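Heads up: the structure comes next, in structure tokens.
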Amino acid sequence: MHELVAYQANHLVNFKMNRNDVKDPQLKGLYAEAIQGIESNLQDLLGYYPQAPTAMRKSAGDEMTAFYAGQLLGFAKTAVRNYAIAITETATPQLRETFHKHLDKAIQLHGKVFAFMYERGLYPSYQLDQLLAADVKNAKNALSL
């Protein structure tokens with residue numbers, strides 16, 4: 001649940017920040033549909049958080065640093081998944097080797113971003129109560145934009 005809430009909250013902020021830059025009316029409609037769908041998803045998922053252990057999150061400093069780091073972590077995690085899938089679907093050994101190199105880079109980036117966030121208290125991954133409390137806060141912030 002944490003992964004889905006964090007992923008959607010980060011993308012919701014991004015989509016809301018960029019929607020006015022989208023000029024194509026059909027694409028703008030798709031953005032509106034995505035925003036509405038993500039908001040609905042987050043509201044549904046937040047309903048489950050009272051059943052989980054929670055605690056108040058200590059201030060982690062600059063909120064935009066947390067947002068940008070979370071966005072970068074999500075990118076790296078998605079890149080790892082996508083390269084792993086691509087490797088299984090590649091027909092040529094040369095391209096498979098290239099994908100392996102890219103996968104290794106994505107794994108290294110993920111580790112560095114995770115360490116950055118963990119050291120600064122932006123991702124308390126080993127303290128479920130803090131992690132879930134941060135999810136609720138971030139999702140509510142995204143919904144309120």
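Quick caveat: nothing in here was measured; it's all calculated off a predicted structure.
- With sequence neighbours left out, the side chain to side chain contact (heavy atoms under 4.5 Å, CB included) criterion links Q71 to N14, F67, Y68.
- Contacts of N20 classified as side-chain hydrogen bond (donor to acceptor under 3.5 Å, both in side chains), with partners at least two apart in sequence or in another chain: none.
- Cluster membership check: Y48 shares its hydrophobic cluster with I38, using side-chain heavy-atom separations under 4.5 Å among Ile, Leu, Val, Met, Phe, Trp and Tyr.
- Under the 3.5 Å distance criterion, the side-chain polar atoms of H110 are left unmatched by any main-chain donor or acceptor of A106.
- The line from NE2 of H102 to CG of N82 is 13.5 Å long, rounded to the nearest 0.5 Å.
- Listed by chain and residue number, Q8 satisfy the side-chain hydrogen bond (donor to acceptor under 3.5 Å, both in side chains) test with N41 (two or more places apart in sequence, or in another chain).
- Through chains of ILVMFWY side-chain contacts below 4.5 Å, F99 is grouped with V80, Y83, I87, L95, L103, I107.
- A donor-acceptor pair under 3.5 Å links the side-chain atoms of T90 to the main chain of A86, judged by distance alone.
- Summarising the geometry, atom CD1 belonging to I35 is positioned 13.5 Å from atom OG belonging to S40; distances are rounded to the nearest 0.5 Å.
- A donor-acceptor pair under 3.5 Å links the side-chain atoms of K16 to the main chain of A142, judged by distance alone.
- Note that the CG atom of L109 and the CG atom of L72 stand 5.0 Å from one another [nearest 0.5 Å].
- A search for ring-ring contact (aromatic ring centres under 6.0 Å, His included) contacts involving Y118 returns F114, Y126, not counting sequence neighbours.
- Among residues at least two apart or in separate chains, there is no salt bridge (Lys or Arg N to Asp or Glu O under 4.0 Å) pair with a member in residues 23-32.
- For L143, the side chain to side chain contact (heavy atoms under 4.5 Å, CB included) partners at least two apart in sequence or on another chain are L12, E39, L42, Q43, L46.
- Evaluation of the salt bridge (Lys or Arg N to Asp or Glu O under 4.0 Å) test over residues 42-52, restricted to residues two or more places apart or in two chains, returns none.
- For L131, the side chain to side chain contact (heavy atoms under 4.5 Å, CB included) partners two or more places apart in sequence, or in a different chain, are H2, Y123, P124.
- Within the structure, the salt bridge (Lys or Arg N to Asp or Glu O under 4.0 Å) test picks out no pair touching residues 84-102 (sequence neighbours left out).
- Counting only residues at least two apart or on different chains, the salt bridge (Lys or Arg N to Asp or Glu O under 4.0 Å) pairs with a member in residues 73-85 are E3-K77.
- For Y31, the ring-ring contact (aromatic ring centres under 6.0 Å, His included) partners at least two apart in sequence or on another chain are F15.
- With rounding to the nearest 0.5 Å, the separation of CG in L145 from NZ in K140 is 14.5 Å.
- L122 has its side chain within reach of F116: a pair of non-hydrogen atoms, C-beta onward, lies under 4.5 Å apart.
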Evaluate Y7 against L73 for side-chain contact (heavy atoms from CB on, under 4.5 Å), listing each step before the verdict.
CA-CA 10 Å; Y7 175 78; L73 187 70; over 6 Å; no
